[in-house]
Amino acid sequence: HARLARTGIAPLTADQGLALFDTVIADTLSDQPTTQIIASRWDTAALGTRADNGDPIPVVLRGLVRPARRHAAAQSTPAPTTGGGLAARLASVSESDARALLVDVVRGHVAAVLAHGSPDAIDTERAFSELGFDSLTAVELRNRLNNDTGLRLPATLVFDHPTVSQLAEYLHHTLAPAAPAPDEVLREALDRVAALVGADPDGRERVLAVLHGAMSRFGGDPGGAQVELDATSDEELFAFIDSQL
């Protein structure tokens with residue numbers, strides 16, 4: 001009931017249902033019956049809330065939401081959270097904290113979709129099917145995560161990754177930045193050191209001594225790295241270091 005109410009579908013009383021049934025029968029017996037009839041009751045306030053929150057409204061229902069309200073909402077309502085923000089948060093924390101953050105995000109959405117009062121009620125290792133998910137709740141969770149991550153996740157998401165832990169792990173693999181390659185880290189460090197040495201020529205000998213030690217540590221030949229510092233420009237020095245490493 002809570003899930004349907006969030007989508008804008010309102011419950012029908014028995015009298016309302018019977019009245020709609022009579023309307024359908026009368027239409028069917030008319031000279032020009034309607035091609036398709038859906039007996040339903042819509043909560044326009046809930047539809048307006050969906051529009052205010054940036055949730056997509058089916059085309060056939062958009063006429064039930066006042067255009068002026070949609071326009072005002074666009075001016076006053078902050079944009080929904082996007083994947084850029086979540087990805088930035090993941091990049092700013094350690095790997096263990098990033099995984100914990102994603103578990104909390106998924107648990108929060110699962111709790112909301114299933115109308116639980118608190119995410120703490122969600123067992124992260126229990127299958128979504130056992131928690132009460134069906135095809136509709138699976139799509140709603142997917143849509144929520146699409147909005148949070150900025151990704152276009154498949155409709156089969158909860159079936160492919162059937163627990164909170166597995167789904168969070170999949171999102172971490174998809175969103176978290178890959179660790180840089182060691183040689184990329186070294187080249188970036190050399191670029192920064194080169195800039196510093198340019199402002200401190202006396203530091204070149206100390207830098208070269210450290211690099212000699214590093215070459216020994218990684219199995220290189222420090223003896224082959226001897227250069228005449230006084231006769232070498234900064235550019236030539238670091239080009240030589242780069243070729244040696």
Side-chain angles (χ1 to χ4, degrees), residues 1-11 38 40-62 64-65 70 73-74 77-93 95-177:
H1 280 273
R3 182 183 74 236
L4 293 176
R6 286 196 301 272
T7 65
I9 300 176
I38 298 176
S40 62
R41 179 174 167 230
W42 295 94
D43 182 349
T44 55
L47 288 174
T49 299
R50 285 180 61 184
D52 291 349
N53 292 336
D55 295 335
I57 303 296
V59 175
V60 296
L61 301 179
R62 289 176 186 171
L64 300 179
V65 182
R70 291 203 303 269
T77 303
T81 302
T82 62
L86 181 58
R89 291 172 63 191
L90 294 176
S92 66
V93 298
E95 181 175 341
S96 60
D97 288 344
R99 294 177 187 275
L101 171 61
L102 285 170
V103 168
D104 289 343
V105 168
V106 174
R107 285 182 86 188
H109 286 308
V110 169
V113 168
L114 296 179
H116 284 282
S118 168
D120 295 337
I122 305 300
D123 185 343
T124 60
E125 301 300 332
R126 192 175 180 187
F128 288 125
S129 59
E130 296 178 0
L131 291 174
F133 268 80
D134 56 23
S135 58
L136 292 178
T137 44
V139 170
E140 184 177 353
L141 177 61
R142 187 278 309 268
N143 291 344
R144 283 171 167 266
L145 291 174
N146 276 348
N147 186 55
D148 240 11
T149 64
L151 302 173
R152 297 188 65 180
L153 299 166
T156 58
L157 184 70
V158 303
F159 305 106
D160 297 334
H161 312 281
T163 68
V164 169
S165 294
Q166 293 180 40
L167 180 49
E169 181 63 24
Y170 166 75
L171 293 175
H172 180 267
H173 176 74
T174 305
L175 288 172

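Only heavy atoms go into these numbers, but all of them, side chains included; no hydrogens, no water, no symmetry mates. Since the structure is predicted, the reported quantities are computational estimates derived from the model, not experimental observations.
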To the nearest 0.5 Å, how far apart are CG in Leu47 and CH2 in Trp42? 6.5 Å

Looking only at side chains, do Glu125 and Thr163 share a donor and an acceptor under 3.5 Å apart? no

Roughly how far apart are Arg142 CZ and Leu167 CG, rounded to 0.5 Å? 12.5 Å

Are the side chain of Arg99 and the backbone N or O of Ala168 linked by a donor-acceptor pair below 3.5 Å? no

Determine yes or no for a side-chain-to-main-chain donor-acceptor pair under 3.5 angstrom, with Thr124 supplying the side chain and Val164 the backbone. no

Heavy-atom pair of closest approach, residues Ala46 and Gly8: CB-CA, 3.7 Å

Could you tell me the separation between the CD1 atom of Ile122 and the CG atom of Leu131, rounded to the nearest 0.5 Å? 5.5 Å

So which heavy atom on Thr137 is nearest to which on Asp134, and how close? OG1-N, 2.7 Å

Measuring from atom CG of Asp43 to atom CG of Leu4, what distance do you get when rounded to the nearest 0.5 angstrom? 11.5 Å

Which atom pairs, donor and acceptor, lie under 3.5 Å between side-chain atoms of residues 108-121 and protein residues at least two apart or in another chain?
from: His109; atom 1: ND1; to: Arg144; atom 2: NH1; distance (Å): 3.4
from: His109; atom 1: NE2; to: Asp148; atom 2: OD2; distance (Å): 2.9
from: Ser118; atom 1: OG; to: Asp120; atom 2: N; distance (Å): 3.1

Within the side chain of Asn146, is there an N or O that forms a donor-acceptor pair under 3.5 Å with the backbone of Leu153? yes

Yes or no on side-chain contact (heavy atoms from CB on, under 4.5 Å) for Thr7 and Leu136, after CA distance, side-chain angles and deciding distance? CA-CA 11 Å; Thr7 65; Leu136 292 178; over 6 Å; no

N/O donor to acceptor pairs below 3.5 angstrom from side-chain atoms of residues 154-162, sequence neighbours left out:
from: Thr156; atom 1: OG1; to: Asp160; atom 2: OD2; distance (Å): 2.8

Is there a side-chain contact (heavy atoms from CB on, under 4.5 Å) between Leu175 and Leu151? Walk through the geometry before answering. CA-CA 9 Å; Leu175 288 172; Leu151 302 173; 4.0 Å; yes

Of all the heavy-atom pairs spanning Val65 and Ala51, show the shortest one and how long it is. CG1-CB, 4.1 Å

Can you find a heavy atom in the side chain of Leu171 that is under 4.5 Å from one in the side chain of Leu86? no

